[in-house]
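Numbering of ligands and ligand atoms starts at 1, following listing order. Here, residue 1 is the first one in the sequence, and each next residue gets the next number.
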Amino acid sequence: MADLSVLTVAGAGPMGGDGWWLPTGASSFAHRVDGLVNTASILGLLSILIIVGLALLFLFGSGRREEGVEPSAPSVGLQLATGLGVALIAGSLFYAGFTIWIDMITPPANAYEITVSAQPGSWHFTYPNEHVDGELHVPVGRPVILHLLSRNLAYTFSAPALRLRSAVIPGREGELWFEATQPGRYEAVCARYAGEAGGEMVAPVVVHKRGEFASWLKSVSDFLSTLPPEEAGRKLYDMNGCAQCHSLDGSRKTGPSFKGIFGHEAELADGSTVVVDLDYVKESILQPKAKVVKGFEPVMPPFAGRISEKETEAIAAFLQSLSDAPKDAENSEGGEAP
Ligand code: HEC
């Protein structure tokens with residue numbers, strides 16, 4: 001917006017900060033919204049002073065009418081000037097508010113998108129990599145769009161520090177956007193009475209310093225370090241399309257089933273045998289053609305460069321958990337033999 005400096009001057013200064021007045025502003029809207037709120041408040045206060053002052057003056061002032069002089073109406077010029085002045089002030093406030101509102105409902109194209117789901121008692125934030133978290137984390141200095149969803153109740157999402165507030169209505173996707181300007185910890189709340197659970201709907205909002213957001217997201221969505229290895233392995237099996245060729249129930253697909261192979265001997269195409277252990281699983285994943293299982297075509301694509309060392313270990317742990325009697329368990333941990 002064309003900065004109406006009169007309106008934004010009041011945005012800074014003693015009224016900022018987390019005192020009795022507005023909360024700390026941490027988004028690009030804060031300065032403008034606060035400027036408007038402060039200006040409107042100051043104008044309101046001035047009007048009260050002027051009106052009450054004039055009323056007192058007329059009550060107690062020595063407004064004695066001079067003998068024989070008719071009271072005259074203010075000049076047309078004065079009336080016009082007053083009217084125009086008031087219209088100008090009201091118009092400026094409207095213009096400032098309107099442009100802020102237009103900006104608030106027009107997210108930029110390159111924004112980072114996070115889905116906010118409201119459910120009784122909590123907010124859930126889903127990041128583009130499908131990580132779901134109970135906290136809203138955002139990078140500083142980058143526009144963020146929040147898609148607001150609720151399945152069956154109406155909520156109001158409010159993040160005062162970001163100067164954000166919107167109803168979350170079931171069956172209708174709401175949208176808010178902002179750009180955080182101040183790294184720090186803030187709060188998002190439900191600003192509507194939503195039953196007893198509503199009061200607990202407070203979610204931390206974390207604005208990360210430049211460059212720290214990506215590493216936060218990576219660390220929390222790193223299921224390899226958070227899940228037990230065999231569960232992480234199962235996830236990798238699903239994610240990497242292994243299921244296309246390897247069943248878990250013993251049935252033969254393009255490749256051998258994963259059921260019960262770990263710790264057992266596999267017959268290779270060249271007539272030799274090999275025990276399926278961690279090293280063999282690793283090799284089979286990274287360079288499948290090194291040892292080809294008897295009776296199968298060497299059609300498995302090499303996963304070298306796509307699956308890390310740690311991931312192969314998790315897959316091995318998963319295979320081990322599918323095995324009845326693991327003979328060679330010392331190489332991998334976390335497997336659970338039934
Ligand atoms: C396009 C089909 C295909 C895909 C996808 C595939 N494989 Fe295979 N895999 C095979 C075939 C065929 C064999 C047997 C021939 C060989 O050893 O190369 C095999 C063999 C193996 C073996 C050795 C099995 C044994 O009984 O000795 C392991 C372990 C293995 N694959 C793991 C994986 C993992 C883990 C994935 C997913 C990351 C995967 N494969 C994806 C086709 C596939």
[X] side chain to [Y] main-chain N or O, any donor-acceptor pair under 3.5 Å?
X	Y	value
Ser323	Phe262	yes
Trp123	Met201	yes
Ser247	Ser251	yes

Taking all non-hydrogen atoms of both residues into account, name the closest pair between [X] and [Y] and its distance.
X	Y	value
Thr156	Arg192	OG1-NE, 3.0 Å
His246	Met300	NE2-SD, 4.0 Å
Ala180	Val140	O-CG2, 3.5 Å

ring-ring contact (aromatic ring centres under 6.0 Å, His included): pairs with one or both residues in residues 266-319, sequence neighbours excluded:
Tyr237-Phe318

Please list, in number order, the atoms of ligand 1 under 4.0 Å from a heavy atom of Glu297.
12 (C), 15 (C)

Per-atom contacts, ligand 1 versus Thr254 - under 4.0 Å to a heavy atom
12 (C)

At what distance is the nearest protein heavy atom to [atom], and which residue and atom is it?
atom	answer
atom 16 (C) of ligand 1	Val293 N, 3.7 Å
atom 27 (O) of ligand 1	Tyr280 OH, 2.6 Å
atom 32 (C) of ligand 1	Phe258 CZ, 3.4 Å

According to a 4.5 Å side-chain heavy-atom criterion applied to Ile, Leu, Val, Met, Phe, Trp and Tyr, with indirect links allowed, do Val205 and Leu149 form part of one hydrophobic cluster?
no

Polar proximity ligand 1 side, Asn240 side, N/O cut 3.5 Å exclusive:
no

Residue and atom, protein N/O/S, under 2.8 Å of atom 8 (Fe) of ligand 1
His246 NE2, Met300 SD

Looking at ligand 1, would Lys291 count as a contact under a 4.0 Å heavy-atom criterion?
yes

Is Ile307 touching ligand 1 with its side chain, its backbone, both, or neither, if touching means heavy atoms under 4.0 Å apart?
side chain

Partners of Phe94 by ring pair (Phe, Tyr, Trp, His ring centres under 6.0 Å), sequence neighbours excluded?
Phe98

Using atom types as modelled, flag every donor-acceptor pair under 3.5 Å from a side chain in residues 213-228 to any protein atom, sequence neighbours excluded.
unit_1 : atom_1 : unit_2 : atom_2 : d
Ser215 : OG     : Glu212 : O      : 3.1
Ser219 : OG     : Ser215 : O      : 3.4
Ser219 : OG     : Trp216 : O      : 2.8
Ser221 : OG     : Asn129 : ND2    : 3.0
Ser221 : OG     : Leu217 : O      : 2.3
Asp222 : OD1    : Leu224 : N      : 3.3
Asp222 : OD2    : Ser225 : OG     : 3.3
Ser225 : OG     : Asp222 : O      : 3.1
Thr226 : OG1    : Asp222 : O      : 3.4
Thr226 : OG1    : Phe223 : O      : 3.4

